[in-house]
Protein chains: 2
Amino acid sequence: MTLPISRTRADFIAYMGQALEAQGLPPIAGRMLGLLIFDGEPRSFSELATELGVSRGSISANARHLLARGAIIKENRPGDRQDYFCLAEQSFDTILAELIARMTATSQAVRGFAEALPAEEGARRRLCGLADFYAAMAGGVTQALQRLSTMR
Amino acid sequence: MTLPISRTRADFIAYMGQALEAQGLPPIAGRMLGLLIFDGEPRSFSELATELGVSRGSISANARHLLARGAIIKENRPGDRQDYFCLAEQSFDTILAELIARMTATSQAVRGFAEALPAEEGARRRLCGLADFYAAMAGGVTQALQRLSTMR
DNA sequence: GGGAATGTTCATTTTTGATTGAACGCAGAT
DNA sequence: ATCTGCGTTCAATCAAAAATGAACATTCCC
């Protein structure tokens, strides 16, 4: 037996809020994304506020955040003063690209520390290992990204 | 010209504190890990407290956290009542394995939501896409993990 | 002009999480 | 027995982040 769609929708939105919070997004940003993913079509600023039951100030701040990240896009319609938001098509790719950038940066920073040490220091070897670790992760995620883009 | 090792060490520890904080660890846990990575050999409970300049309560809590994650191990020496901690050998692998587990769990959760929807719902297709996204990431990291283990 | 709708800003409040430090229990040493 | 060193616990404190809501600017409509 199937649950009513609206129930699944609400559960999904709540779940996304928590899942993305664990990845560093503010909770409301996660729920906004969840809503936009589920609905698939643009939602207006005030629809978001009323549906999520949060203040307009929060929508404003979180939308700015998500826009800056390239996760969503703002749409404006002639003759309608409202802002509409929808998922950026390459929303996921953007997120992955940022992840890769962060890991690469960490790898390089650690390698920088390692290279400030004399070759005979054991610490140097360990830090290089850590740098390799981050580099490998960046590589793995890069492959995931490629696999995803060929997938469609 | 080379900086004194102790300077690089301090900088590295501070950097790790911030880098791992961005990945969800408490700041002190990150610094503990940084210190143990740099030094490579076991450090005692009180050494950690005094060197990092934090309370014993913090060391206790964060060590418990890191132990639970499998990132460090506790060592006890006969005739010495102190606890010693050092990096778990497969510390990095463990972290990756957890990351994979989390992403796989998310993928499955999202697919669960998708499958609660009728086939004709557009949302179903979108949620499946999201599930694929997480699955692909898990796959990518899995490859990274394999690459790392063959590397040594 | 007045009024309604819209998004932003910012000071304030709320919430969340980390950290501290005192109290405690336990185990050896004296 | 008492004392000392060690790690844990937990209530209180502190700090950082997020959310709110009122004030504001702008635009459109009458």
Side-chain angles (χ1 to χ4, degrees), chain A residues 10 13-36 42-69 71-86 98 102, chain B residues 13-36 42-69 71-86 102:
Chain A
I13 291 174
Y15 180 83
M16 280 291 107
Q18 300 185 337
L20 298 186
E21 186 176 2
Q23 295 172 32
L25 282 187
I28 293 187
R31 289 199 281 150
M32 285 175 60
L33 266 184
L35 191 155
L36 293 175
R43 287 284 170 243
S44 74
F45 189 98
S46 39
E47 273 176 315
L48 291 175
T50 53
E51 262 220 76
L52 299 178
V54 301
S55 71
R56 289 180 300 150
S58 280
I59 297 295
S60 177
N62 285 289
R64 180 155 25 93
H65 190 205
L66 291 174
L67 283 167
R69 293 208 158 197
I72 65 176
I73 44 185
K74 173 153 67 171
E75 202 178 291
N76 280 291
R77 305 175 177 180
D80 187 342
R81 272 191 299 145
Q82 273 193 96
D83 292 347
Y84 289 79
F85 298 99
C86 64
E98 270 174 26
R102 262 214 319 274
Chain B
I13 291 174
Y15 180 84
M16 280 291 106
Q18 300 185 337
L20 299 187
E21 185 176 3
Q23 296 173 31
L25 282 188
I28 294 186
R31 290 200 281 147
M32 284 175 58
L33 221 39
L35 190 154
L36 293 176
R43 287 284 170 244
S44 75
F45 190 99
S46 40
E47 271 176 316
L48 290 175
T50 54
E51 261 220 77
L52 298 178
V54 301
S55 70
R56 290 179 299 149
S58 279
I59 297 295
S60 176
N62 285 290
R64 179 153 29 92
H65 191 205
L66 292 174
L67 282 167
R69 292 206 158 201
I72 65 175
I73 42 187
K74 175 153 64 170
E75 204 178 288
N76 280 293
R77 305 176 177 179
D80 187 343
R81 273 190 299 141
Q82 273 192 99
D83 292 347
Y84 289 80
F85 299 98
C86 63
R102 263 216 316 276

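Just so you know, these numbers use all the heavy atoms, side chains as well, and skip hydrogens, waters and symmetry mates. Quick note on labels: first sequence line is chain A, next is B, and so on, each numbered from 1.
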Can you give the first and last nucleotides of DNA chain C, 5' to 3', that have an atom under 4.0 Å from a heavy atom of chain A?
C:dA5 to C:dT9
Would you give the length of the straight line joining atom CD1 of B:Ile73 to atom CG of B:Asp83, rounded to the nearest 0.5 angstrom?
13.0 Å
Once rounded to the nearest 0.5 Å, what's the spacing between atom CD1 of B:Ile28 and atom CG of B:Leu35?
12.5 Å
Protein and nucleotides 25-30 of chain D: nitrogen or oxygen contacts under 3.5 angstrom:
| from | atom 1 | to | atom 2 | distance (Å) |
| --- | --- | --- | --- | --- |
| D:dT27 | O2 | A:Arg81 | NH1 | 2.8 |

Distance-minimising heavy-atom pair for [X] and [Y]:
X       : Y       : answer
A:Leu52 : A:Arg31 : O-NH1, 3.6 Å
A:Ile72 : A:Ala63 : CD1-O, 4.0 Å
B:Phe85 : B:Leu48 : CD1-CD1, 3.8 Å
A:Asn76 : A:Gln82 : OD1-O, 3.5 Å
B:Tyr84 : B:Pro42 : CB-CB, 4.1 Å

Given side chain to side chain contact (heavy atoms under 4.5 Å, CB included), test A:His65 with A:Leu25 step by step and report yes or no.
CA-CA 9 Å; A:His65 190 205; A:Leu25 282 187; 3.8 Å; yes
Tell me, with the steps shown, if A:Lys74 and A:Leu67 meet side chain to side chain contact (heavy atoms under 4.5 Å, CB included).
CA-CA 8 Å; A:Lys74 173 153 67 171; A:Leu67 283 167; 4.1 Å; yes
Sorted by chain and number, sequence neighbours left out, side-chain hydrogen bond (donor to acceptor under 3.5 Å, both in side chains) with A:Glu21 holds for none
Would you mind telling me which of D:dT20, D:dA19, D:dG7 lies closest to the side-chain atoms of B:Asp83?
D:dG7
Note: for B:Leu25 and A:Arg56 on DNA chain C, the residue whose nearest nucleotide lies more 5' is A:Arg56
For DNA chain D, the residues among residues 14-21 of chain B that have a non-hydrogen atom under 4.0 Å from it
none
Interatomic distance where NZ belongs to B:Lys74 and P belongs to D:dC6 [whole Å]
15 Å
Could you tell me the separation between the CD1 atom of A:Ile28 and the C1' atom of D:dA18, rounded to a whole number of Å?
8 Å
Please step through side chain to side chain contact (heavy atoms under 4.5 Å, CB included) for the pair B:Met16 and B:Leu33, ending with a clear verdict.
CA-CA 8 Å; B:Met16 280 291 106; B:Leu33 221 39; over 6 Å; no
Residue pairs meeting salt bridge (charged side-chain N to carboxylate O under 4.0 Å, His left out), one or both in residues 44-69 of chain A, sequence neighbours left out, come to A:Arg9-A:Glu51, A:Arg43-A:Glu47, A:Arg69-A:Glu98
Stretch residues 58-68 of chain A: residues that reach within less than 4.0 Å of DNA chain C through a heavy atom:
A:Ser60, A:Arg64
Find which nucleotide of DNA chain D each of A:Ser55 and B:Tyr84 is nearest to by heavy atoms, and output the residue with the more 5' nucleotide.
B:Tyr84
